[in-house]
Q: 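Here it is, the structure in full.
All values below were derived from every heavy atom in this structure, side-chain atoms included, with hydrogens, water molecules and symmetry-related copies excluded. Within every chain, numbering begins at 1; the chains are lettered A, B, ... in the order of the sequence lines, protein sequences first and strands thereafter. Owing to the predicted nature of the structure, the values given are computational and were not obtained by experimental measurement.
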Number of protein chains: 2
Amino acid sequence: MNRIAALPQSLTRADEAFDCLQTAIVKGDLAPGEKIGEVELCARFNLTRGPLREALGRLESRGLLVRRPHAGVKVVSVSAEELMELYRIREVMEGLAARQAAERMTDQEIADLQATLDAHETMIEEAHGQAYYQAEGDYDFHHRIATGSRNAKLAQMLLGDLYYMVRMYRYRLSTSSGRPHRALGEHRRIVEAIAQRDGELAEFLMKRHINAARQNIERKITEGEISF
Amino acid sequence: MNRIAALPQSLTRADEAFDCLQTAIVKGDLAPGEKIGEVELCARFNLTRGPLREALGRLESRGLLVRRPHAGVKVVSVSAEELMELYRIREVMEGLAARQAAERMTDQEIADLQATLDAHETMIEEAHGQAYYQAEGDYDFHHRIATGSRNAKLAQMLLGDLYYMVRMYRYRLSTSSGRPHRALGEHRRIVEAIAQRDGELAEFLMKRHINAARQNIERKITEGEISF
DNA sequence: CAGGTCATTATTGTTGACAATAACGGTCGT
DNA sequence: ACGACCGTTATTGTCAACAATAATGACCTG
């Protein structure tokens, strides 16, 4: 009986390398613009150049790395304007995700989503200004909406492409003081719309939510609270 | 004087392999679902397994290939429903592209765009039912809008991810008899809105245009004109 | 002294061979 | 005869050495 047993543990080295590199880039261990050599990376992650190169190719294809032939690779550095553009893309794509989620999520999934919001609320109260939990909670929320859309490609593009680039800046972009509570309220209203199976409303609210987040960051940039 | 001279010709073998594989998949030379061995691919494109594997990784990361460890790679096969989902993503993303294009394209670019529409019109008249030119012209049109949005990531996602998957089916999806003319008319109205710098209208028209294309395909599928 | 040219050198790109894993076919047992 | 188990085999994953290219520094020249 060869049960589907499946996939969990058949990690190839290239996959490991890909994950390691990706998290390293997102967490900022590899600074944007930093020129990094292949051999140095090999030593750092204890693997050979073969799998590493494969992972590098994947990262480049996803836009987290830029690679000029014979000149090495460097972590992509996205300007403030480009970050704003990312949020504009998120706005329309997550709006679509919210609409489809309202139409397709199971009742159980919606209940779970509401439960996570409760958890986020307690996390925010306990955190008291520490924005870290809010960032994680926010990620969790949007992650569930994306998968709940039942649109495989949409989820892949959001989770696999956009979020990683946004998260690169989440780690140094502490959300402003009052924003976590406001964001949580916006999340609740979106889930409410989903629970009522009101796709149009869910889309509208999600777009406004992300637009608000974008404007929040834009304001901080113009106020010089953030360095690019 | 080392002019920026630049990029055109520094193609690495992995890049070649990537392009070859991609076009082969899009043109249907590699049938969806077909299980293909690495060595066979090497012989087919005259290269070694190193660069090939690198290209394979990139293709997998873009969703054109699926690869199970130690089990080989196979071309992704997208169902009718998934194709519809792709069009829903296109709808919102290209809507955004059209809006930003209306705000950001130069007058010269708009003039060029109008000129290409004229060229498409003559092509359609000359083609007389041959849908091939329409498909190419349509691709050209959407390509220009995407780049005209001045949103690098948006253009990358549209041109690098979505279009290739859609084009996989363009080659066997001949557009219906009257559709080319209708599509051209829709294109003209979109460009008109862009020329008037009316972003909202351009977005609305583009979304409606893609929605119409989606419904057109959906109808053909339900009518059984198409095999999946 | 400044600018350019050339050789050096380090890094990347590529290749072929080696090892590990999973699929496949045959055999055995029930 | 059907099902499960096991050995074989082919394919994939990995590795280390080779070759080619571009960046770096010194040297020469105007």
Q: Report all interatomic pairs (protein N or O, nucleotide N or O of nucleotides 10-13 of chain D) with separations under 3.5 Å.
A:
residue	atom	partner	partner atom	Å
dT12(D)	OP1	Glu38(B)	N	3.2
dT12(D)	OP2	Glu38(B)	N	3.3
dT12(D)	O3'	His70(B)	N	3.3
dG13(D)	OP1	His70(B)	N	3.4
dG13(D)	OP2	Glu38(B)	OE2	3.4
dG13(D)	OP2	Arg53(B)	NH1	2.4
dG13(D)	OP2	Arg53(B)	NH2	3.4
dG13(D)	O3'	Thr12(A)	OG1	3.2
dG13(D)	N7	Arg49(B)	NH2	2.6
dG13(D)	O6	Arg49(B)	NH1	3.1

Q: Keeping Gln156(B) on the side-chain end and Lys153(B) on the backbone end, is there a donor-acceptor pair under 3.5 Å?
A: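 No; judged by distance alone, with no hydrogens or angles, the pair does not exist.
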Q: Can you list, by residue number, the residues of residues 16-24 of chain B that have a non-hydrogen atom closer than 4.0 angstrom to DNA chain D?
A: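 Under 4.0 Å from DNA chain D: no residue of residues 16-24 of chain B.
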Q: Roughly how many Å is it from CG in Leu52(B) to C1' in dG16(C), rounded to a whole number?
A: 15 Å
Q: For the side chain of Thr23(B) and the backbone of Asp19(B), is there at least one donor-acceptor N/O pair under 3.5 Å apart?
A: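 Yes, because the side chain of Thr23(B) sits within donor-acceptor range (under 3.5 Å) of the backbone of Asp19(B).
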Q: In terms of heavy-atom contacts, does NZ of Lys74(A) have more than 12 from other residues, nucleotides or ligands at under 6.0 Å?
A: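 Open.
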Q: Taking Arg104(A) for its side chain and Ser149(A) for its backbone only, find out whether a donor-acceptor pair lies under 3.5 Å.
A: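 Looks like yes, one N/O pair under 3.5 Å.
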Q: Checking Glu38(B) now: which residues fulfil side chain to side chain donor-acceptor pair (under 3.5 Å) with it, not counting sequence neighbours?
A: Arg49(B), Arg53(B)
Q: To the nearest Å, give me how far apart CG (Leu47(A)) and C1' (dA16(D)) are.
A: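 Rounding to the nearest Å, CG of Leu47(A) and C1' of dA16(D) are 15 Å apart.
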Q: Rounded to the nearest angstrom, tell me the gap between atom CG in Leu56(A) and atom P in dT14(C).
A: 14 Å
Q: Is the backbone of Glu91(A) close enough, under 3.5 Å, to the side chain of Glu94(A) for a donor and an acceptor to pair up by distance?
A: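 No; zero donor-acceptor contacts below 3.5 Å.
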Q: Counting only N and O atoms by type, is there a donor-acceptor contact under 3.5 Å from the side chain of Glu82(A) to the main-chain atoms of Ser79(A)?
A: yes
Q: Quick check: does any side chain N or O of Gln100(A) sit under 3.5 Å from a backbone N or O of Ala97(A), one acting as donor and the other as acceptor?
A: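 Looks like no, no N/O pair under 3.5 Å.
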Q: Rounded to the nearest angstrom, tell me the gap between atom NZ in Lys35(A) and atom P in dA10(C).
A: 19 Å
